[in-house]
There are 2 protein chains.
Amino acid sequence: MLDVRRLRLLRELALRGTIAAVAEALAFSPSAVSQQLSALEREAGVPLLERTGRRVVLTPAGQRLAAHAEAVLERLERAGAELAATRGGPTGPLRIGAFPTAARALLPPALAALAVAHPRLEPAVEEVDAVDVPDALRARELDVVLVHEYDLLPAEPEDGVETEPVCEEPVFLAEPDTGGASRGGSLVIRRDEPWIVGRRGTLCHTMALRACEAAGFRPRIRHLVDEYPTVLALVAARQGVALVPRLGAVDPPEGVRLTPVAMRRRIGVAYRAGSALHPSVAALTHALRRQAR
Amino acid sequence: MLDVRRLRLLRELALRGTIAAVAEALAFSPSAVSQQLSALEREAGVPLLERTGRRVVLTPAGQRLAAHAEAVLERLERAGAELAATRGGPTGPLRIGAFPTAARALLPPALAALAVAHPRLEPAVEEVDAVDVPDALRARELDVVLVHEYDLLPAEPEDGVETEPVCEEPVFLAEPDTGGASRGGSLVIRRDEPWIVGRRGTLCHTMALRACEAAGFRPRIRHLVDEYPTVLALVAARQGVALVPRLGAVDPPEGVRLTPVAMRRRIGVAYRAGSALHPSVAALTHALRRQAR
DNA sequence: ATCGAGCATCAGCTCAGCTTACGCTCTGGC
DNA sequence: GCCAGAGCGTAAGCTGAGCTGATGCTCGAT
């Protein structure tokens, strides 16, 4: 009978690529991981890893075994979720990851409602970068993560992670309020304005570029700022224009005009495959949905 | 993460009913099983067992968890089978169980062919009672078992065990050869003859009773004998009539007339769920099928 | 050419989990 | 009705699986 703890290491290796990364993710020493993978290879009787240069890669047999491991672990996750469900309502710690806007605008009221409905639930929120989400979930550093995607930028599915939609919101063009009549939501008219976009590598950065690209021009980028309150303050100071989702534009400062554009942002929750039935996860999803209405 | 070794114990408990039986089956002391199940219950956070009298029974939550365990273990079995397949052809020990007729008539030539095709396979045959088959497979005492069923007596599916057909054979009515013309294969005409059937509790015993019952009478049973050569010798000695499948009637003695009746026996192989792809299992199944033609 | 990242191996230690011993409770046979 | 034994749980003690930390080797990047 194959050892599931070792299969877990193999699966993590398939996801992360190096033994050192697996070790760090699971809080082991690289030595331990190496030893356990060697043992797994001995059990299997087939080479699973191959040293290439100073790294290792999975052999085809190793990849197939990693797929089996994925399936086994998912079923274990489901079993655990079901147990938690029979254990009664949501209880204990729930580690929630969120992108900054959600952490500020969406989560606090949802958590307040949750505290009333499920007083024994202990949510812990942590801001997290989108790129770290799958690893954080798989490594069990987080249990649920609020994620978002834009029309022009659909998120691709990740192994071992499932996503469920929570709500959709419009995206606004934010520009200095000159007092004149609105010029409508088309981006093209602002092609010569300076733009304020998210920092490079963020979803919002890419989203703004894609949106301008779709409108047929490359924006002149002046400011790189992630926090929407700051963005709006810059807009009010006539530093440029920006694209801002509704949740980023609650309570806009004076001197900012918001015009809807033809793009929407979708917000969802991501969790480990199999934990959809977990009562704490289900309760948070429910609270977020109610909040979003 | 739930411990799979402990889940295995829970699954065995679901199948066998007592901790002592689980311990014996897996070569542990009952104490070890008890401790591990307690630990599993602690992990689960839900009562899984309930003491009733001097036994334990699974709670509903325990039963559901056992079902998950079954799924996990089956997937592990498949992973192992796939590894064995990539390891190259059939190799190593293969523990084969068989009912007596198959052990005598079907297996030896199949094993001879197998030895030529796969010299590194080390088959070990053991006669086994039909009632012990599922436990022997689940407890990993055997890898493959030859099983049979009669038209009137279909085998019900067992958790964790899969069955695949190998061949079908006719069943004969064996009666003393009086030299006269055959009276045809109807059983009714022999309703007053003494009958020779398998020992009580065997499939063959039940099969004979069902066949007579279907023909509308209750047989007068004189001899209870399992071994078909002995049965045929008794028939030749004019001790009664009997129902004998073809494999039990190779080389019949003088003075026995065999007439086909409207019943067939199906022979199949049973193995642990998930091990169908195991090269040794597949090779044996293949050899048996060829042999049966 | 050199340095560091990445992996394997070795030695040593710790704790999970096994066995043995024992006690308790219930059941079935006499 | 009683008692022997089946069945389960707990306590104590031991062993080995598996972890850490040290060391060495091999690449690849600067």
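Note: hydrogens, waters and symmetry copies are ignored here, and every other heavy atom, side chains too, is used. Proteins come first, then strands; the chains are lettered A, B, ... in the order of their sequence lines, and each starts at number 1. This one's a predicted model, so the numbers in the text were calculated from it and none came from an experiment.
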Handout entry: Rounded distance in Å - CG (B:L9) to C1' (D:dG9)
Key = 16 Å
Exercise for the section: Take atom CG of B:L58 and atom P of D:dC8, then tell me their distance rounded to the nearest Å. Expected result: 12 Å
Practice task
Starting at atom CG of B:L13, determine the distance to atom C1' of D:dG7, rounded to an integer number of angstrom.
Solution key: 12 Å
Problem - Side-chain N or O of B:Q35 closer than 4.0 Å to phosphate OP1/OP2 of D:dT10 - result: no
Practice task
Tell me what B:T18 touches on the nucleic acid: a base, only sugar-phosphate, or nothing, going by heavy atoms under 4.0 Å.
Solution key: sugar-phosphate
Exercise for the section: In whole angstrom, give the distance that lies between atom CZ of B:F28 and atom P of D:dC8. Expected result: 16 Å
Problem - Pairwise side-chain contact, A:L146 with A:V269, heavy-atom cut-off 4.5 Å (strictly under) - result: yes
Exercise for the section: Run the numbers on B:L15 and B:V22 for side-chain contact (heavy atoms from CB on, under 4.5 Å), then give the verdict. Expected result: CA-CA 9 Å; B:L15 295 171; B:V22 174; over 6 Å; no
Completion exercise
Sorted by number, residues from residues 47-57 of chain A placing a heavy atom under 4.0 Å from DNA chain D are A:G53, A:R54
Handout entry: For the student: nearest non-hydrogen atoms of A:V72 and B:R75, plus distance
Key = CG2-CG, 3.5 Å
Handout entry: Protein-nucleotide distance (B:E24, atom CD; D:dC8, atom P), rounded to Å
Key = 12 Å
Completion exercise
Rounded to whole Å, the CD-P distance (A:E43 to D:dA17) equals 12 Å
Handout entry: Spacing between A:R16 atom CZ and C:dC7 atom P, to the nearest angstrom
Key = 13 Å
Exercise for the section: For residues A:H205 and A:I221, determine if any side-chain heavy atom of one lies less than 4.5 Å from a side-chain heavy atom of the other. Expected result: yes
Practice task
Decide, yes or no, whether a salt bridge links A:R16 with A:E24 under the criterion of side-chain N to carboxylate O below 4.0 Å.
Solution key: no
Practice task
Using a heavy-atom cut-off of under 4.0 Å over every strand shown, decide if A:A32 touches base, sugar-phosphate, or nothing.
Solution key: base
Handout entry: Sidechain N-carboxylate O distance under 4.0 Å for B:E77, B:R140
Key = yes
Exercise for the section: Please check the phosphate of D:dC19 (OP1 and OP2 only) for any side-chain N or O of A:R5 closer than 4.0 Å. Expected result: yes
Practice task
Kindly say if A:S31 contacts the phosphate of D:dG21, meaning a side-chain N or O under 4.0 Å from OP1 or OP2.
Solution key: no
Handout entry: Any B:S34 side-chain nitrogen or oxygen under 4.0 Å from OP1 or OP2 of D:dG9
Key = yes
Handout entry: Donor-acceptor pair between B:Q35 and B:S31 side chains, under 3.5 angstrom
Key = yes
Fill in the blank from the handout: When rounded to whole Å, the CD1 to P distance for the pair B:I19 and D:dT10 reads 10 Å
